[in-house]
Amino acid sequence: VQLQASGGGLMEAGGSLRLSCAASVRTFGRYNMAWFRQAPGLEREFVSGVSWNGDLTYDSDSVKGRFTISRENGKNTVYLQMNSLKPEDTGVYYCAAERLVSSALFVDTSSNAYPYWGRGTQVTVSS
């Protein structure tokens, strides 16, 4: 599984960005997807996750109400719409994939649950 994230950039506080992550896999619909981020000097943290069919999403408290994760299985792509950006949202954003063995709906928030990672895209929010 190869994941390619894009859409990062420099934005003023209060602005919006939309990240995309394209997956090169035949069975994209069998993977839960998530976004994590890592700021300089800090550990990687969970941002948002979406179940294999898009019916279940979960956001961290720090982005709840501002970020929205979604997916288009027909395009093998997951998105992260980021609104009302804050300087503390600055970091490298990574998309991650978790292969499922059942159709249960859940979202893992631990990075250890995701064996597949993209290279990341930089998001910088200026104050």
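Taken together through direct or relayed side-chain contacts under 4.5 Å among Ile, Leu, Val, Met, Phe, Trp and Tyr, Y31 and Y58 form parts of separate hydrophobic clusters. Hydrophobic clustering, with ILVMFWY side chains joined whenever heavy atoms are under 4.5 angstrom apart, groups V1 together with V50. In the hydrophobic cluster analysis, where Ile, Leu, Val, Met, Phe, Trp and Tyr join through side-chain heavy atoms closer than 4.5 angstrom, L3 is grouped together with V123. Placement of I69 and Y116 within a single hydrophobic cluster is found when ILVMFWY residues are connected by side-chain heavy-atom separations under 4.5 Å, directly or transitively. The hydrophobic cluster containing W52 does not contain M33, counting ILVMFWY residues as joined when their side-chain heavy atoms lie under 4.5 angstrom apart, directly or transitively.
Through side-chain heavy atoms spaced under 4.5 Å, either directly or across other Ile, Leu, Val, Met, Phe, Trp or Tyr residues, L10 is tied to no other residue.
Applying the salt bridge (Lys or Arg N to Asp or Glu O under 4.0 Å) test to R66 and every residue at least two apart in sequence or in another chain returns D89. Considering only residues two or more places apart in sequence or on other chains, D59 meets the salt bridge (Lys or Arg N to Asp or Glu O under 4.0 Å) condition with none of them. The ring pair (Phe, Tyr, Trp, His ring centres under 6.0 Å) check on F28 picks up nothing, with sequence neighbours excluded.
The structure places CE of M82 at 11.5 Å from CZ of R18, a figure rounded to the nearest 0.5 Å. In this structure, the separation between CE on M11 and CG on L17 is 4.5 Å, given to the nearest 0.5 Å. Note that the OG atom of S60 and the CH2 atom of W35 stand 14.0 Å from one another [nearest 0.5 Å]. To the nearest 0.5 Å, the span separating CD on E98 from CG on N112 amounts to 11.0 Å. S110 OG to F46 CZ: the interatomic distance, rounded to the nearest 0.5 Å, is 10.5 Å.
More than 12 heavy atoms of other residues, nucleotides or ligands shown are found within 6.0 angstrom of CZ on R44. For E45, the CD atom sits in a packed shell: over 12 heavy atoms of surrounding residues, nucleotides or ligands are nearer than 6.0 Å.
Looking at heavy atoms from C-beta onward, L80 lies out of side-chain contact with R37 at the 4.5 angstrom threshold. For the pair Q4/R119, no side-chain contact is recorded, criterion being any heavy-atom separation below 4.5 Å from C-beta on. The closest side-chain heavy-atom distance from T121 to S6 is not below 4.5 Å.
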Inset, instruction - Please test N32 against L100 for side chain to side chain contact (heavy atoms under 4.5 Å, CB included), starting from the C-alpha separation and ending with a verdict. - result: CA-CA 7 Å; N32 277 359; L100 302 176; 3.3 Å; yes
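Residues T124 and Q122 bring a donor and an acceptor atom of their side chains to less than 3.5 Å of each other.
Between T57 and G54 the shortest heavy-atom distance is CG2-O, 4.4 Å. The two residues S127 and A13 have their closest heavy-atom pair at CA-CB, 4.4 Å. Nearest heavy atoms, W117 versus S111: CZ2-O, 3.6 Å. The two residues F67 and S48 make their nearest non-hydrogen contact at CB-OG, 4.5 Å.
Sorted by first and then second residue, the pairs that involve residues 70-88 and meet side chain to side chain donor-acceptor pair (under 3.5 Å), not counting sequence neighbours, are S16-N83, R71-N73, E72-Y79, Q81-N83. Residue pairs meeting the ring-ring contact (aromatic ring centres under 6.0 Å, His included) criterion with at least one member in residues 91-114, sequence neighbours excluded: F36-Y114.
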